[in-house]
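Chain letters run A, B, ... following the sequence lines, proteins first, then strands; residues in each count from 1. Values reported hereafter were calculated over all heavy atoms of this structure, with side chains retained and with hydrogens, waters and symmetry mates removed.
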Protein chains: 2
Amino acid sequence: MAKARTVPACGCPVAAFQKLISGKYKLRIVWDLKDGPRRYGEIRTGLLRGMPGSAEIAPRVLSRELKALTESGLIDRKDFGVVPPKVEYRLTRKGRTFVPVVAAIKDWGTRHLAEARAPEMVAAE
Amino acid sequence: MAKARTVPACGCPVAAFQKLISGKYKLRIVWDLKDGPRRYGEIRTGLLRGMPGSAEIAPRVLSRELKALTESGLIDRKDFGVVPPKVEYRLTRKGRTFVPVVAAIKDWGTRHLAEARAPEMVAAE
DNA sequence: CAGCATCCTGCGTGATACTG
DNA sequence: CAGTATCACGCAGGATGCTG
């Protein structure tokens with residue numbers, strides 16, 4: 001079984017949460033998916049938005065996070081089994097309950113540590 | 001300059017949040033401090049509670065997380081400058097605004113991924 | 001298009017010992 | 001008591017190339 005690195009396997013919900021979203025993109029993936037299903041490439045492109053210049057996402061990394069989220073039961077993977085390949089990811093019911101939490105996080109972040117962002121953007125998004 | 005490992009330095013509030021709480025104990029420290037100031041040793045002991053058996057917290061680790069939280073402006077360090085040493089940590093105003101977010105996280109965790117916890121405990125805490 | 005296989009590296013974390 | 005110093009390790013994450 002997967003031994004948690006960042007967080008102990010105690011009963012603490014906070015620790016469990018941290019384990020669940022450990023990783024660079026998990027929270028943002030969930031957030032991207034809140035508006036509906038998205039394909040692998042769309043998620044990838046979406047995550048690129050807002051990243052510094054020449055940054056690229058290693059497919060291995062994104063793939064792993066998606067798989068982890070799937071195994072956590074937050075998202076669902078639908079493989080259309082066609083060529084060229086088409087795969088859609090979308091939030092499960094559990095995943096949807098998670099959205100408000102992410103919203104709270106996002107909201108707090110926007111209010112308290114968005115020094116790098118222009119005020120107008122804060123209001124907009 | 002400290003290049004973020006776990007999270008990119010983009011304007012995304014979610015990413016900023018992740019960077020802020022990256023680390024094993026940060027969220028739990030904030031949560032522990034919500035009820036008032038605590039000393040170094042008290043935090044340490046409190047975090048031990050709920051951890052698997054023989055686990056110990058390396059002082060270096062705890063020290064680093066506390067320093068990081070201090071530099072993030074979430075907590076405040078008060079050194080009494082006495083012997084034997086006495087240091088108290090407590091939430092700043094900003095840190096206090098963060099508590100509801102942690103509460104939301106904790107609440108969600110309790111509801112959706114607390115399979116390891118007894119139902120009574122869920123209701124209690 | 002949506003990944004998997006492989007190699008590599010940096011940082012978070014742990015353990016132990018020491019100090020003001 | 002509240003840390004710092006030092007050493008060591010494992011895993012997340014990046015880069016590149018290949019495949020069904």
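- Axis orientation changes by 60° from one end of the helix from C:dC1-D:dG20 to C:dG20-D:dC1 to the other, with each end axis drawn from 5 pairs and the value rounded to 10°.
- Atom P of nucleotide C:dG12 and atom CG of B:L69 are separated by 14 Å, given to the nearest angstrom.
- In terms of modelled atom types and a separation under 3.5 Å, the side chain of B:T92 and the main chain of B:G73 share a donor-acceptor contact.
- Applying the side-chain hydrogen bond (donor to acceptor under 3.5 Å, both in side chains) test to pairs two or more places apart or on separate chains, those with a residue in residues 56-71 of chain A are A:R44-A:E56.
- For the pair A:Y25 and D:dG14, the criterion of a side-chain N or O lying under 4.0 Å from OP1 or OP2 is met.
- Atom CD of B:Q18 and atom C1' of D:dA12 are 13 Å apart (whole Å).
- In this structure, B:D32 CG and B:L91 CG are separated by 10.0 Å, a value rounded to the nearest 0.5 Å.
- Rounded to an integer number of Å, the gap from B:L20 CG to C:dG12 C1' is 16 Å.
- Going from atom CG of A:L48 over to atom C1' of D:dG14 covers 14 Å, rounded to whole Å.
- In this structure, CD of A:E56 is placed 15 Å from C1' of D:dG17, rounded to the nearest angstrom.
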Where do N or O atoms of nucleotides 2-4 of chain C meet protein N or O atoms at under 3.5 Å, pair by pair?
residue, atom, partner, partner atom, Å
C:dA2, OP1, A:R39, NE, 2.9
C:dA2, OP1, A:R39, NH2, 3.1
C:dA2, OP2, A:G41, N, 3.0
C:dG3, OP1, A:R77, NH1, 2.3
C:dG3, OP2, A:Y89, OH, 2.7
C:dC4, OP2, A:S63, OG, 2.5

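- Whole-Å rounding puts the B:L62 CG to D:dA2 P distance at 10 Å.
- Checking side-chain atoms of B:Q18 against main-chain N and O of A:G23 turns up a donor-acceptor pair under 3.5 Å.
- If you take CD of A:E65 and P of D:dC11, they are 16 Å apart, rounded to a whole angstrom.
- Counting to the nearest Å, the P atom of C:dT13 and the CZ atom of B:R28 are 13 Å from each other.
- Using cut-offs of 30° and 60° on the angle between ring planes, the pair A:F98 and A:F17 is tilted.
- With side-chain heavy atoms closer than 4.5 Å counting as contact, directly or through intermediates, A:V83 stands alone and belongs to no larger hydrophobic cluster.
- Legend: residues meeting side-chain contact (heavy atoms from CB on, under 4.5 Å) with A:P100, ordered by chain and number and at least two apart, are absent.
- Residue-level contact check: A:E88 touches neither bases nor backbone, having no heavy atom under 4.0 Å from any strand.
- Among the candidates B:I21, B:L27, B:I29, the single residue satisfying the side-chain contact (heavy atoms from CB on, under 4.5 Å) test with B:Y25 is B:I29.
- When the side chain to side chain donor-acceptor pair (under 3.5 Å) test is applied to A:D79, the partners found at least two apart in sequence or on another chain are A:R77.
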